[in-house]
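Right, one structure below, let's go through it.
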Number of protein chains: 2
Amino acid sequence: MAARLDARGLDAREVVRRLRRPRGFLSREVRAAVRQVVEEVRERGDEALLEYGERFDGVRPDPLRVPREEIERARAALPGELAEAFRTAIENVRRFHERELDRSWELERGGARLGQRVRPLRRAGIYVPGGHGAYPSTLVMTAVPAQVAGVEELCVCTPPGPDGRANPRLLAVAGLLGIGEVYAAGGAQAVAAMAFGTESVPRVDKIVGPGNDYVTAAKLEVFGEVGVDAPQGPSELVVVADGSARPERVALDLMAQAEHLSGATSVLLTPSGALASGVEPLLSGRPSEHITLVLVRDLEQALEISNLYAPEHVHLNCEGAGAALERVEAAGLVAVGDLSPVALSDYAAGPSHALPTGGTARWASALGTHDFLTRINHMRFSREALRELGPHVERLARMEGFENHAASVAARREKEEG
Amino acid sequence: MAARLDARGLDAREVVRRLRRPRGFLSREVRAAVRQVVEEVRERGDEALLEYGERFDGVRPDPLRVPREEIERARAALPGELAEAFRTAIENVRRFHERELDRSWELERGGARLGQRVRPLRRAGIYVPGGHGAYPSTLVMTAVPAQVAGVEELCVCTPPGPDGRANPRLLAVAGLLGIGEVYAAGGAQAVAAMAFGTESVPRVDKIVGPGNDYVTAAKLEVFGEVGVDAPQGPSELVVVADGSARPERVALDLMAQAEHLSGATSVLLTPSGALASGVEPLLSGRPSEHITLVLVRDLEQALEISNLYAPEHVHLNCEGAGAALERVEAAGLVAVGDLSPVALSDYAAGPSHALPTGGTARWASALGTHDFLTRINHMRFSREALRELGPHVERLARMEGFENHAASVAARREKEEG
């Protein structure tokens with residue numbers, strides 16, 4: 001059964017406190033368990049990777065790396081309609097991320113040329129969750145931004161099914177994307193393998209992609225050794241709706257997010273008692289336990305709560321949704337208007353579905369090309385520009401006690417002929 | 001005394017292995033010690049913050065937060081020439097970061113409007129190291145990108161001197177930048193205070209800035225709870241130089257980086273035995289112990305080594321330096337040509353001196369406006385666009401077993417009048 005909350009008399013902070021969601025990947029227990037796994041894989045490589053795989057997934061894949069022919073077979077076996085759907089998704093995700101791509105630039109000021117060289121990472125690792133289900137869409141949503149950024153080496157880790165093999169639909173997508181390096185390895189141990197490298201898995205520069213609490217905690221654990229993207233925990237949706245929204249559609253949107261189960265959260269914020277009452281009887285089964293219907297004073301309060309909560313997804317299903325978008329300050333993705341159900345972006349609209357959860361949207365963003373690039377700053381001074389700036393730098397360096405810093409500049413200023 | 005290495009017969013990987021630098025912030029001992037400090041501050045707030053401060057800095061600042069009048073006094077007491085030098089630095093750093101700033105955008109495809117809203121973080125925390133010295137320049141290099149990004153709330157933590165007070169030059173810069181929230185608190189305990197909040201220090205959304213191994217490890221420890229920038233460990237410089245470089249200048253550049261001591265690394269990569277022999281006698285004192293002179297076959301090999309090493313700074317002091325820049329694939333900052341000593345960017349050229357070290361330049365970049373922004377993706381579908389994409393999404397959702405996802409889309413397609 002869905003929970004109900006009357007927030008009309010409550011402060012936004014109090015509402016967010018009551019909506020408190022699970023962030024298990026930050027718990028001491030999960031972090032400690034994962035630390036152990038990471039250490040073992042770091043020290044013992046494949047041996048530990050396979051041992052933990054057997055313990056957690058019940059199988060010992062052999063070979064660990066999926067043969068290229070298996071990927072090719074899976075791609076060839078993909079039914080035509082699914083292949084077309086995936087191709088459409090890939091194209092939309094590609095177009096969206098081409099638009100957001102940062103480019104190298106240069107500027108000149110008083111004889112100094114300054115700039116930024118934007119470069120792709122050399123090698124990135126993508127984690128695609130599995131186990132209960134298979135999420136080939138996640139490979140589209142993580143690999144395409146990497147490819148748009150220009151990353152040449154991509155490797156994918158995904159837990160094997162009971163037969164010890166990676167999911168064939170996932171392999172089919174790897175085939176469509178031209179990715180030939182897939183390992184049937186999951187969990188914290190797979191993250192550790194990508195971070196430190198093992199006999200079978202060459203180390204990567206950065207690890208991205210969603211996973212369960214252990215996978216996410218493992219990414220936090222190896223951060224610093226390699227790069228990682230923002231933590232992606234259980235799914236979240238906040239629907240901001242007024243009396244103009246249709247109860248049956250809002251109910252489906254809430255149920256859609258909640259059917260992820262395992263910690264998922266769907267919240268309706270509405271000033272319309274009629275909408276809440278219309279939605280409630282349409283919620284059923286286990287997903288409904290993940291849904292909270294919140295009665296608010298007005299859309300103003302709804303947006304205040306949403307901004308503090310900083311959810312993965314916001315759906316603005318209200319009059320003036322376009323204007324409301326301008327007031328969203330923290331969210332991974334915003335769906336605007338009734339005709340934009342979040343499910344569109346989960347699969348094919350363009351933005352990645354790899355999004356910050358658990359309130360991390362306060363400081364983190366959707367996965368994108370930015371995750372697969374570095375910016376190398378550079379400078380080139382002319383004699384004139386050096387003469388202009390040099391004395392300031394020498395003064396500041398001496399104040400901080402760095403005589404050689406000052407001298408390295410002065411040496412260039414003094415020798416006019418050099 | 002500087003070390004020498006003949007790398008002409010060695011593989012680049014082997015050279016990098018021999019140049020192995022300290023990355024103490026990743027050591028098990030430092031991480032475990034820091035975990036304890038972070039936990040204590042999380043649980044006991046100011047009490048633990050002050051206790052650890054007393055233990056590590058030997059003082060118990062009272063008040064913890066620097067009074068605004070003290071900042072104002074420090075600003076007023078800044079000698080004119082230093083004020084002018086800082087203003088020049090601030091202006092250059094501002095101009096550089098205005099250029100790299102990402103902007104919101106929107107695109108339309110077949111009736112779907114997709115875009116990205118780029119927003120500043122609400123509140124960021126800046127760590128400025130202290131203790132042995134004071135680094136007011138670090139406040140310029142971290143706060144200005146945040147201000148350009150539009151962050152409204154900035155707080156600064158810096159360890160107090162023996163008198164229990166924050167360094168007056170640092171406070172003066174805070175005054176110049178209009179920053180009124182400074183705490184005389186340092187170390188891992190200050191990082192924890194900003195991450196979780198204490199009675200005196202309101203929590204922040206993200207923590208940036210360099211520090212010692214404990215500070216850096218603390219940032220790794222709190223990552224996930226809040227955002228953090230890339231790890232910034234001991235300073236590093238790789239000089240790529242040929243026979244055209246002047247030994248006395250190269251020696252000063254190497255000494256300048258090495259005078260940071262505490263783990264700093266300066267490396268000369270040169271095919272010119274004459275240059276190496278000219279530089280060697282000019283290196284002296286404790287900094288020289290941090291310097292390695294490496295003889296390489298040619299500039300080709302030098303760049304290969306540099307790219308694998310992925311240093312904080314590269315100085316290209318050779319013929320064709322501009323062309324060589326195009327081949328640098330991993331570095332925080334590249335100084336191009338003899339007239340561009342790295343010290344210029346340490347203080348005032350424009351790019352931030354908060355740079356990735358320890359090889360993290362493989363996946364991390366200089367601090368910049370990107371660190372202080374989030375990108376909120378959004379989408380708005382028309383009926384036509386929904387009709388086009390809907391069937392693909394429904395197919396993919398059903399394949400992954402998410403019936404409500406499919407239904408939430410189908411409900412909008414079926415009701416033509418809605």
Side-chain angles (χ1 to χ4, degrees), chain A residues 26 81 85 88 96 99-100 107 114 116 121 133 137 205-206 220 223-224 227 231 249 252-253 255-256 259 325 331 333-334 336-337 339-341 343-345 347-351 362-363 365-366 374-381 386 389 392-393 395-396 401-402 404-405 407-409 411-412, chain B residues 26 81 85 88 96 99-100 107 114 116 121 133 137 205-206 220 223-224 227 231 249 252-253 255-256 259 325 331 333-334 336-337 339-341 343-345 347-351 362-363 365-366 374-381 386 389 392-393 395-396 401-402 404-405 407-409 411-412:
Chain A
L26 292 174
E81 283 198 327
T88 303
F96 184 87
R99 181 61 187 78
E100 70 146 30
L107 64 79
L114 302 157
Q116 224 164 43
L121 305 189
S137 61
D205 296 324
K206 184 162 179 172
L220 299 182
F223 174 62
R249 295 183 182 182
L252 280 169
D253 295 332
M255 289 287 286
E259 73 181 330
L325 170 62
L333 177 119
V334 186
V336 184
L339 295 174
S340 309
L344 293 176
S345 62
Y347 288 101
R362 286 184 291 116
W363 51 268
S365 309
T374 61
R375 300 177 302 281
I376 302 174
N377 290 338
H378 52 88
M379 63 168 177
R380 176 166 210 162
F381 272 67
L386 176 75
L389 190 63
H392 294 304
V393 168
R395 221 165 270 136
L396 293 172
F402 291 125
N404 287 296
H405 281 67
S408 73
V409 175
R412 269 93 176 182
Chain B
L26 292 174
E81 283 198 328
T88 303
F96 183 87
R99 181 61 188 76
E100 70 146 30
L107 63 80
L114 302 158
Q116 221 162 47
L121 305 189
S137 62
D205 297 323
K206 185 163 180 173
L220 298 182
F223 174 62
R249 295 184 183 181
L252 279 169
D253 295 332
M255 289 287 287
E259 75 181 327
L325 169 63
L333 177 119
V334 186
V336 184
L339 295 174
S340 309
L344 293 175
S345 61
Y347 287 101
R362 286 184 293 117
W363 51 269
S365 309
T374 61
R375 300 176 302 280
I376 302 175
N377 290 338
H378 52 87
M379 62 168 178
R380 174 165 214 166
F381 272 66
L386 177 73
L389 191 63
H392 294 304
V393 169
R395 221 165 270 138
L396 293 172
F402 291 125
N404 287 296
H405 281 67
S408 74
V409 175
R412 270 90 178 184

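Each chain gets a letter, A, B and so on, in the order the sequences are listed, and its residues count up from 1.
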Check your understanding: Taking A:L333, A:V409, A:L396, A:L121 one by one, which has the highest count of heavy-atom pairs under 4.5 Å against chain B?
Key -> A:L396
Review point. For the residue pair A:Y347 and B:H405, what are the closest heavy atoms and their distance?
Key: CE1-CD2, 4.1 Å
Exercise for review: Check each atom of B:S345 against the heavy atoms of chain A and say whether the ones under 4.5 Å are side chain, backbone, both or neither.
Suggested key: both
Review point. How many angstroms lie between CE in B:M255 and OG in A:S408, if you round to the nearest 0.5 Å?
Key: 11.5 Å
Practice item. For each of A:L114, A:L386, A:V393, tally heavy-atom pairs with chain B at distances under 4.5 Å, and name the one with the top tally. Key: A:V393
**Study point:** salt bridge (Lys or Arg N to Asp or Glu O under 4.0 Å) involving B:R380 - partner list, sequence neighbours excluded
**Key:** none
Review point. In Å and rounded to the nearest 0.5 Å, what is the CD1 to CG distance from B:I376 to A:L325?
Key: 8.0 Å
**Study point:** Residue pair A:A411 / B:L252: nearest heavy atoms and the distance that separates them
**Key:** CB-CD1, 3.7 Å
Exercise for review: Work out which heavy atom in B:P351 is nearest to a heavy atom in A:N377; give both atom names and the distance.
Suggested key: CB-ND2, 3.7 Å
Review point. Is a donor on one side and an acceptor on the other found under 3.5 Å between the side chain of A:T374 and the backbone of B:W363?
Key: no
**Study point:** Residues which pass side-chain contact (heavy atoms from CB on, under 4.5 Å) with B:R395, listed by chain and number, not counting sequence neighbours
**Key:** A:E81, A:L82, B:P391, B:H392
Point to revise | Pairs of heavy atoms under 4.5 Å with chain B: top-ranked of A:H378, A:E100, A:R99 | key: A:R99
Review point. Can you say whether B:L107 sits under 4.5 Å from chain A via the side chain, the backbone, both, or neither, judging by heavy atoms?
Key: side chain
**Study point:** Partner chain B: residue of A:A349, A:A343, A:S365, A:S137 with the largest heavy-atom pair count (under 4.5 Å)
**Key:** A:S365
